[in-house]
Structure formats: C-alpha cells, structure tokens
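Written below as structure tokens is the structure these notes are about.
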Amino acid sequence: MAAQVSPDELSLRADLASARFLSGQDRGRWRFHRVDWPFVFVGVFAPDGQEFVLRLNCKGFPAIAPTGGFWDLEGDCHLAAARWPTGGECMRLAFRPEWKNGHALYLPCDRESLVGHDAWLSQYPQLIWKPAKGISHYLEVVHDLLQGHDHVSAAA
Amino acid sequence: MSSTRVYVQSEHFSDIKLVEIDGHATIADLKRAALALLPPGTDALELSLSVEDDDADDEDAPSPRRVKDLNQGHGVRVHLHRCKHVTVGVRFGGRTEEHRFRPATTIGRIRQWAGRQFGMKAGDIAEHVLQIAGSNEQPDMDTHVGALVQHPNCSIVFDLVPAHRING
C-alpha cells in the first residue's frame, strides 16, 4: 500500500508547479533540484552565475513559513561557512553561518529566525512570510539579497 | 514542436497565470489562449494584449509575429488590459515625475526609469522600491503596472522609498 502524502507536501509540490515558481525559474533566478520531504532543495543564482543551494524545511507549508540555510549538494551537508555568499552589510546580516548553526537564514520570512523577533512583523512587513506567494517569496528575498551591489562572491 | 510557456497578467487576475502554447502560434492565437484564462463572464471585447517591457503594439504590427519570436529565453510574458497605457506618477524628494507606460511594463522597469529621473546611480536605485501612494504596499519587481489599476482608472501614483533591509 502506497504511503499517504501529507497535505503540506501536496501543497509544496503544487507550488513548485505554479506560475510564480516557474516564472522565477524561467527568468534564471533559481532552479529546482529535488524534494526530500520535508525538505526542498532549490539553487538561487548570484549575478555572476554562482549558484547557492538552499535546503528549506517546509513542514506545515504553506501556513507555516519554511526554514533553512545553504546546502552542499555534493557533500550532502550544510555549506561550509567559508563558502557562504559574502558582501556588504545587508548580506552579512542575513547570511550568518553562526546563526542557528547555519540551519536558518536571518530573515523575517524564516520561521526559526522570526522567533523572538516580534518587532519584525511591523518593521519589515514586506519580508514576512506570505503563504499566498508560496516558496517563491523566500527565494525572491534571498535572490534580491544576492543581487545587492555590494555582493562579492565567496571562494568556491 | 515544443510548447512555450506564456505568463499572463491582467487587471482581471490577482496573480500571474500560466498557459502553454506552440511556438509557431500567432499573436492572435496567443491572445485567444490568454483570454481563455479569464474568469467566466468577463467582457473581453476591449482587452488589448501587450508584451512585457515592449513598447511595440503587437496587435497593430503590420506583420504579426509568432510566439517563438517573443521568447527571449526566459518565457513569454504578456498582459491583458482595457487601458492602452497607464499614466504613472512617482514622488521622491518633493518632486513628482510622470510618464505613460504600457500595462505590461514591470514595476522593476518603472523603478529604473524613476531612479534615473531623480538622478540616482544604479546602486542607489537598487536600494529603493516603489510603494503605492497612500498605502504600505510595495509590488514585486515582476508585477505589471496594469495589474495594479482597473479600467477606466488608467493611472497610479507611487512613492520611491528605501527598501527594507534587516539591520539586526
């Protein structure tokens, strides 16, 4: 008997086939790698073409925000701190390997990082998780940060 | 022949929609496919099709192009709207700049135009976003300006404001 797929996994898989997600992928902003429930692996591209893969835990999707950090697909482990994207102040604040041991990005749309940051709800309404936008919202926030003019590629 | 993804926005949709169509299809075929996405009962008579960030009027062009000619490697993106143009005002630093854009013009392109009008450098433009005047709504860069107005109101005003950045 086949295992039942949970509603949150079904929702995620539907979102990965949505116009919003495919549109971002067709624009070359990100690309889907795989789902290994409850995780989805999606690469987000910097202006120089360097790809940074996110592993996002989507349990409870879309009502509950995802959480995750950069991932090393070849090593199947968290990306080494030296290989995280680096750049100016905005990127340094959001992409902090020491924050939650690299398991979450320091962003209002990340469910683990939002804990204890109630003020973010009013300070950064545009960056708070929006279920209607789906996984593309998290990816857009990361992609936008990677496009910052202060971006400097980390050593590969 | 493989199909081409066409992303459609409209004053009649709250979000982007997707339709797949043969690359050799004509612009008229494309419009028919896009119209089929409209909610039942929508009056489609006055709707015009425009191509994202393209100033050409595809329906009036002397030799109709085909869908494959519109595909620039990132999918085809079009808009259905009753307004032929949207008059956009952008306020910043006590000044207002105004320009008419096609409904399929992205917020990202209007931001670039506005930043240049106000003498900003590229890096400074990237640190600002367009916010609908009188609200705290900041549309996504890919949103077509036509998706933000409904005929017969073919105008909108934005404020150019600093982008939200986490600062601890």
Side-chain angles (χ1 to χ4, degrees), chain A residues 14-15 17-31 45 47 87-96 99 105-110 113-114 116-117 119-128 130-134 136-137 139-151, chain B residues 2-10 13-20 34 37 52-53 70-79 106-109 111-112 115 120-132 135-144 147 161-168:
Chain A
D15 191 61
S18 70
R20 184 178 284 270
F21 181 84
L22 294 174
S23 174
Q25 185 163 265
D26 276 352
R27 285 189 191 274
R29 293 177 180 168
W30 54 72
R31 69 168 166 171
F45 292 95
E89 186 181 7
C90 293
M91 288 179 68
R92 283 200 305 273
L93 282 165
F95 302 154
R96 296 159 51 177
W99 174 252
L105 299 185
Y106 193 69
L107 296 169
C109 56
D110 187 289
S113 296
L114 184 61
H117 289 102
W120 281 1
L121 295 170
S122 56
Q123 282 179 310
Y124 308 115
Q126 306 297 330
L127 301 177
I128 294 296
K130 297 174 179 64
K133 286 189 170 183
S136 301
H137 178 54
L139 300 175
E140 281 169 1
V141 171
V142 172
H143 181 264
D144 185 46
L145 282 164
L146 288 173
Q147 306 312 300
H149 62 91
D150 52 0
H151 170 69
Chain B
S2 62
S3 61
T4 299
R5 285 180 185 153
V6 179
Y7 297 97
V8 186
Q9 295 187 49
S10 173
F13 306 150
S14 59
D15 202 358
I16 184 170
K17 289 186 182 291
L18 171 65
V19 64
E20 298 203 9
L37 298 171
E52 181 175 291
D53 291 343
L70 303 176
N71 194 350
Q72 297 174 338
H74 55 78
V76 175
R77 294 154 200 281
V78 298
H79 195 100
T106 58
I107 292 301
R109 188 180 184 193
R111 179 182 70 163
Q112 289 295 324
M120 290 182 176
K121 295 177 181 172
D124 294 327
I125 296 173
E127 293 296 318
H128 289 75
V129 295
L130 292 175
Q131 179 168 292
I132 297 174
S135 79
N136 61 4
E137 186 181 347
Q138 298 173 358
D140 294 339
M141 290 298 120
D142 296 341
T143 299
H144 292 166
V161 301
H164 285 139
R165 297 294 189 205
I166 307 302
N167 54 15

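Throughout, protein chains are lettered first and strands after them, A, B, ... in sequence-line order, and every chain is numbered starting at 1. Quick note: numbers below take in every heavy atom, side chains included, and nothing from hydrogens, waters or symmetry partners.
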Exercise. Yes or no on side-chain contact (heavy atoms from CB on, under 4.5 Å) for A:Arg27 and B:Arg77, after CA distance, side-chain angles and deciding distance?
Worked result: CA-CA 11 Å; A:Arg27 285 189 191 274; B:Arg77 294 154 200 281; 3.2 Å; yes
For this session: Please assess B:Asp140 against A:Arg20 for the test side-chain contact (heavy atoms from CB on, under 4.5 Å), listing each intermediate value before the final yes or no.
Result: CA-CA 11 Å; B:Asp140 294 339; A:Arg20 184 178 284 270; 3.1 Å; yes
Problem set entry | Evaluation steps, salt bridge (Lys or Arg N to Asp or Glu O under 4.0 Å), between A:Lys133 and B:Asp15 | CA-CA 9 Å; A:Lys133 286 189 170 183; B:Asp15 202 358; over 6 Å; no
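For the 3.5 Å distance criterion, the side chains of A:Ser23 and B:Arg5 fail to qualify, holding no donor opposite an acceptor.
Considering only residues two or more places apart in sequence or on other chains, A:Phe95 meets the ring pair (Phe, Tyr, Trp, His ring centres under 6.0 Å) condition with A:Phe70. With sequence neighbours excluded, no residue forms a salt bridge (charged side-chain N to carboxylate O under 4.0 Å, His left out) with A:Arg92.
One N or O on the side chain of B:Tyr7 and one on the backbone of A:Leu22 form a donor-acceptor pair closer than 3.5 Å. When atom types are taken as modelled, the side chain of A:Gln126 and the backbone of B:Glu137 share no donor-acceptor pair closer than 3.5 angstrom.
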